Amino acid sequence: MSFAQSKWVWMNGEIILWENATTHVSAHGLHYGTGVFEGVRCYETPNGPAVFRLDAHLDRLYASAESCGMLIPFNAGELAEAICQVVRRNDFRDCYIRPLCYYGSGVLGLNPRACPVEVAVLAWPWETYLGAEGLEQGVSITISPWRKFHSSMMPTKAKACGQYINSVLALRDALDRGYAEALLLDADGHLAEGSGENLFLVRGNQVITNDECHSILPDITRDSVLRIARDLGFGVEVRTLSVTELLTAEEAFFTGTAAEVTPISEVDGTKIGGGARGPVTHRIQKAFFAAVQSRDSSYADWLHPVSSQPDALTNGSSLVSNVAHVIPIQ
Ligand code: PMP
């Protein structure tokens, strides 16, 4: 992964050079993780680059902000245009997009309400997160000693910046011990999710995953895969999952915007099924890539062409005038 090709960033209504997209060290979000973000992908399609499930990502961004009490000073139409603008201005075909809203510089007491809400959209080319080899061969993972925080501790449904310390700790531990990814259990010891992915198991014709009752982030790839699995004729179950079920599953795979659909080959040295990508995972993976690359018209409504918006911004001009970046204390 490299930022070398990213020249332009959208920040607070303007397209600016990557090197100018900076923030002050007194920013509240930097000290306390007070921010929310999204991870979105844009795929090359025969009709030009298209953002996958842009509306669902924006819905989750606003829901995350709401659960943290943050008001985003741009509406969804403006952020959709900002996202497309960043892809177009950087001339990307396939890329990963990172909208981020955080409390900037104002006060450093814990209450951030007197701080401005800063909004930025970055994009960069990013191959699949767990590696091209992982997509084909599967990845070897470990069950993390870190548990996923419970919804009584943090808003688990929010994609909030500070909460990711939990994922970072779990991933670093896994990498240090030679695994590609960590799988976190929930506070009760049931399966939760990967540090940045959701989990599916396969048994016979059944594709099984868990839900928000197990502290997972309600995710967009998982939702897409549930529909694809049904469309392919598999049975779908959403329920509590145990470690034993994982270790005895015929197949297992991760889903996520960054990781896409990545098979799990081993868990703490125990092979899952044959220890390679299984046939059900392979079919779902193929259908997923056909959908995101617009090779299957049944999923056309999931794709938002980046060229569909007028090229409204020029360098330095403002998409939204009169936007109040300072959210008043309520
Ligand atoms: N769980 C966590 C903790 C994540 O960070 C992600 C990535 N956003 C996911 C699950 C997968 O969500 P999505 O498919 O929406 O990317």
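First listed ligand is number 1; within each ligand, the first listed atom is number 1. If you're wondering where the values come from, they're calculated on a predicted model, not measured in any experiment.
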Using distance alone, determine whether [X] and ligand 1 share an N or O pair under 3.5 Å.
X: T221; result: yes
X: T257; result: yes
X: E193; result: yes
X: H57; result: no
X: I220; result: yes

Query raised in the report: Is V225 close to F253 at the side-chain level, that is, under 4.5 Å between some pair of heavy atoms?
Result: yes
Requested in this report: Record the part of S195 in heavy-atom contact with ligand 1 below 4.0 Å; permitted values are side chain, backbone, both and neither.
Outcome: backbone
Requested in this report: Just jot down the ligand 1 atoms closer than 4.0 angstrom to any heavy atom of G256, in number order.
Outcome: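 Ligand 1 atoms under the 4.0 Å threshold to G256: 11 (C), 14 (O), 16 (O).
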Query raised in the report: Mind checking whether A56 has a heavy atom under 4.0 Å from ligand 1?
Result: no
Query raised in the report: Can R227 and D223 be said to form a salt bridge (Lys or Arg N to Asp or Glu O under 4.0 Å), step by step?
Result: CA-CA 7 Å; R227 179 169 153 203; D223 179 68; over 6 Å; no
Report task. Establish, from distance only, whether the side-chain atoms of S215 and H150 form a donor-acceptor pair under 3.5 Å. Result ->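 Distance-only check fails for S215 and H150.
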Query raised in the report: Do the side-chain N and O atoms of D173 and Y179 include a donor-acceptor pair separated by under 3.5 angstrom?
Result: no
Which residue holds the protein heavy atom closest to [atom], what is that atom called, and what is the gap in Å?
atom: atom 9 (C) of ligand 1; result: G196 O, 3.5 Å
atom: atom 8 (N) of ligand 1; result: K159 NZ, 2.8 Å
atom: atom 12 (O) of ligand 1; result: D219 CB, 2.9 Å
atom: atom 5 (O) of ligand 1; result: Y164 OH, 2.4 Å
atom: atom 10 (C) of ligand 1; result: N198 OD1, 3.0 Å

Report summary line: Paired with L217, the side chain to side chain contact (heavy atoms under 4.5 Å, CB included) test is passed by just one of E193, E197, R222, namely E193
Query raised in the report: Hey, would you say the W10 and F74 ring centroids sit under 6.0 Å apart?
Result: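 Judged by ring-centre distance (under 6.0 Å), W10 and F74 do meet the cut-off.
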Requested in this report: Compute the ring centroids of Y32 and Y103, then answer whether they are less than 6.0 Å apart.
Outcome: no
Query raised in the report: Mind checking whether V36 and Y62 sit in one hydrophobic cluster, side chains of I, L, V, M, F, W, Y counted as touching below 4.5 Å?
Result: yes
Requested in this report: Indicate, with yes or no, if F92 and I83 share a hydrophobic cluster defined by side-chain heavy-atom contacts under 4.5 Å among Ile, Leu, Val, Met, Phe, Trp and Tyr.
Outcome: yes
